[in-house]
Amino acid sequence: LFTLSGISYRVLGVKEMFVSTLRVNIRAEKEEDGETGKYLDNVDLYSARSRSLFSSQLSHVLNLETVRIEKDLIRIVEYLEEERDRKLLTNEKEIPELTEEEKRLGMEFLIDPEIFDRIVRDTESLGYVGESINKQIIYLAASSRKLSDPISVIVVSQSAAGKSYLIDTVKKLIPPEEVVSMTSLSDQALNYLDEDALLHKFLVMGEAVHSEAVEHQVREMLSAHELSRLVTMKDPKTGELRSRMVRKEVIVSAVMSTTNHNINPENASRS
């Protein structure tokens with residue numbers, strides 16, 4: 001919503017990321033002498049022709065100068081570009097600042113002697129009834145992400161028994177910026193995450209991601225608390241190819257689900 005020169009503009013359909021086109025829906029309103037003039041249309045704010053047509057039609061409806069409306073549209077574009085650039089430069093996983101009231105509520109929760117009953121009640125409020133012990137175990141595992149050696153869990157049951165629903169319900173109780181959740185990934189995807197992307201995180205991995213290469217990386221993450229790989233790189237000075245070890249620190253509480261009761265013993269011993 002923008003209010004410029006007495007005109008109210010409601011802009012809908014702005015894409016989170018835009019480059020060469022900025023097609024939106026704009027509703028413009030202006031009150032005068034007790035009456036409200038309105039105009040609604042789609043416009044590409046990056047197209048001079050589209051802006052000009054919109055301005056011409058709106059100026060006719062609201063009895064305003066076309067130049068004034070075009071200036072308003074340019075100011076809207078500049079604002080949207082600033083917002084887009086700010087999101088690009090801001091870390092999406094930035095830890096939000098807690099208010100004093102939120103801190104008080106958090107401490108009230110932490111020192112409550114009935115904390116585990118509250119966890120169960122919260123999951124029931126989210127729609128998942130039963131499985132009290134399993135809920136508490138997964139919540140404990142997720143909370144252990146703060147430790148230097150977190151707890152990890154493998155959930156084993158038959159198909160359609162509610163494994164994913166159990167994990168997803170508990171996941172809703174964890175701050176979203178501290179959750180890394182995936183249903184699929186390529187064999188080397190974990191190696192190319194940001195340096196701190198897997199530090200003290202709750203890592204949720206669906207059954208579809210359990211390839212042999214990924215499982216090996218998960219075992220390394222849970223045991224050695226790092227991901228390492230030997231890569232070949234060209235020396236910029238000599239042009240010679242050299243091997244270099246690349247390491248990334250990893251501290252996660254991993255929760256995985258599977259229908260396979262014959263779990264790899266190396267996976268089971270780490271969970």
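Taking CG from Leu241 and OG1 from Thr232, the interatomic distance works out to 7.0 Å, rounded to the nearest 0.5 Å. Rounded to the nearest 0.5 angstrom, Tyr139 OH and Ile115 CD1 are separated by 6.0 Å. Atom CE of residue Met256 and atom CD1 of residue Ile154 lie 4.5 Å apart, to the nearest 0.5 angstrom. Distance CD1/Ile26 to CG/Leu45: 4.5 Å, rounded to 0.5 Å. How far CG of Leu4 is from CG of Asp72: 4.5 Å, rounded to the nearest 0.5 Å. With rounding to the nearest 0.5 angstrom, the CG atom of Leu140 is 6.5 Å from the CD1 atom of Ile119.
Ring geometry, Phe54 versus Tyr39: the interplanar angle falls from 30° to 60°, so the pair is classed tilted.
Looking at heavy atoms from C-beta onward, Ile138 lies in side-chain contact with Ile167 at the 4.5 angstrom threshold. At a threshold of 4.5 Å between non-hydrogen side-chain atoms, the residues Ile76 and Val11 count as touching. Side-chain contact between Leu12 and Val24 is absent, with no heavy-atom pair separated by less than 4.5 Å. In this structure, the side chains of Tyr128 and Asn134 stay at 4.5 Å or more apart for every pair of heavy atoms. Side chains of Lys201 and Val179 form no contact here, defined as non-hydrogen atoms less than 4.5 Å apart. Inter-residue side-chain proximity for Arg51 and Ile69 is flagged as unmet; no heavy-atom pair is nearer than 4.5 Å. For the pair Leu203 and Met221, the minimum side-chain heavy-atom distance is below 4.5 Å. Within the 4.5 Å cutoff, side-chain heavy atoms of Val153 are placed close to those of Val155.
Transitive grouping of hydrophobic side chains (ILVMFWY, heavy atoms separated by less than 4.5 Å) keeps Ile74 and Phe2 in distinct clusters. In the hydrophobic clustering of ILVMFWY residues, with side-chain heavy atoms under 4.5 Å counting as a link, Leu126 and Val204 come out together. Ile133 and Val255 fall within the same hydrophobic cluster, defined by Ile, Leu, Val, Met, Phe, Trp and Tyr side-chain heavy atoms under 4.5 Å apart, directly or through other members. If you chain together hydrophobic residues whose side chains sit under 4.5 Å apart, Leu166 and Phe116 fall into the same group. At a threshold of 4.5 Å between side-chain heavy atoms, the hydrophobic network of Ile, Leu, Val, Met, Phe, Trp and Tyr places Val180 and Val250 in one connected group.
Both tests hold for Arg84 against Phe18: distance to the six-membered ring centre under 6.0 Å, angle to the ring axis within 45°.
Checking Gln136, Lys135, Lys172 one by one against Thr123, the side chain to side chain donor-acceptor pair (under 3.5 Å) holds for a single residue, Lys135. Here the rule is side chain to side chain donor-acceptor pair (under 3.5 Å) with Arg104, and of Glu100, Glu101, Glu102 only Glu101 fits it. A side chain to side chain contact (heavy atoms under 4.5 Å, CB included) with Lys30 holds for exactly one of Thr36, Leu58, Leu64; it is Leu64.
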- Task: Decide side chain to side chain contact (heavy atoms under 4.5 Å, CB included) for Leu62 and Lys38; before the verdict, give the C-alpha distance in whole Å, the side-chain angles of both, and the deciding distance to 0.1 Å.
- Result: CA-CA 8 Å; Leu62 301 184; Lys38 299 180 181 180; over 6 Å; no

- Task: Apply salt bridge (Lys or Arg N to Asp or Glu O under 4.0 Å) to Arg247 and Glu226, showing your working.
- Result: CA-CA 7 Å; Arg247 300 180 188 277; Glu226 71 171 20; 2.7 Å; yes

- Message: As a quick check of understanding, evaluate side chain to side chain contact (heavy atoms under 4.5 Å, CB included) for Val14 and Leu80, giving each step before the final call.
- Response: CA-CA 8 Å; Val14 182; Leu80 295 175; 4.2 Å; yes

- Task: Could you check Val218 against Met205 for side chain to side chain contact (heavy atoms under 4.5 Å, CB included), going step by step and ending with a plain yes or no?
- Result: CA-CA 10 Å; Val218 171; Met205 306 179 74; 3.8 Å; yes

- Stepwise side chain to side chain contact (heavy atoms under 4.5 Å, CB included) test for Phe202 and Glu178: CA-CA 6 Å; Phe202 180 43; Glu178 299 199 4; 5.9 Å; no

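With Ser144 contributing its side chain and Ala141 its backbone, the two residues share a donor-acceptor pair below 3.5 Å. At least one donor-acceptor pair under 3.5 Å links the side chain of Thr238 to the backbone N or O of Glu240. His225 places no side-chain N or O within donor-acceptor distance of the main-chain N or O of Ile251, the cut-off being under 3.5 Å. With Asp44 contributing its side chain and Ser50 its backbone, the two residues share no donor-acceptor pair below 3.5 Å. The closest donor-acceptor contact from the side chain of Ser152 to the backbone of Ser253 lies at 3.5 Å or more, if one exists at all.
Here Glu29 does not pair with Arg10 in a salt bridge; the nearest charged N to carboxylate O distance is not below 4.0 Å.
Between Leu198 and Val252 the shortest heavy-atom distance is O-CG1, 3.5 Å. In this structure, Ser55 and Glu70 approach most closely via the heavy-atom pair OG-CG, 3.0 Å. Pairing each heavy atom of Leu222 with each of Ser271, the nearest pair is CD1-OG, 4.5 Å.
A donor-acceptor pair shorter than 3.5 Å cannot be found between the side chains of Glu131 and Tyr165. Residues Ser59 and Glu65 bring no donor and acceptor atom of their side chains to less than 3.5 Å of each other.
Shown here is Tyr79, whose OH atom has no more than 12 heavy atoms of other residues, nucleotides or ligands within 6.0 Å.
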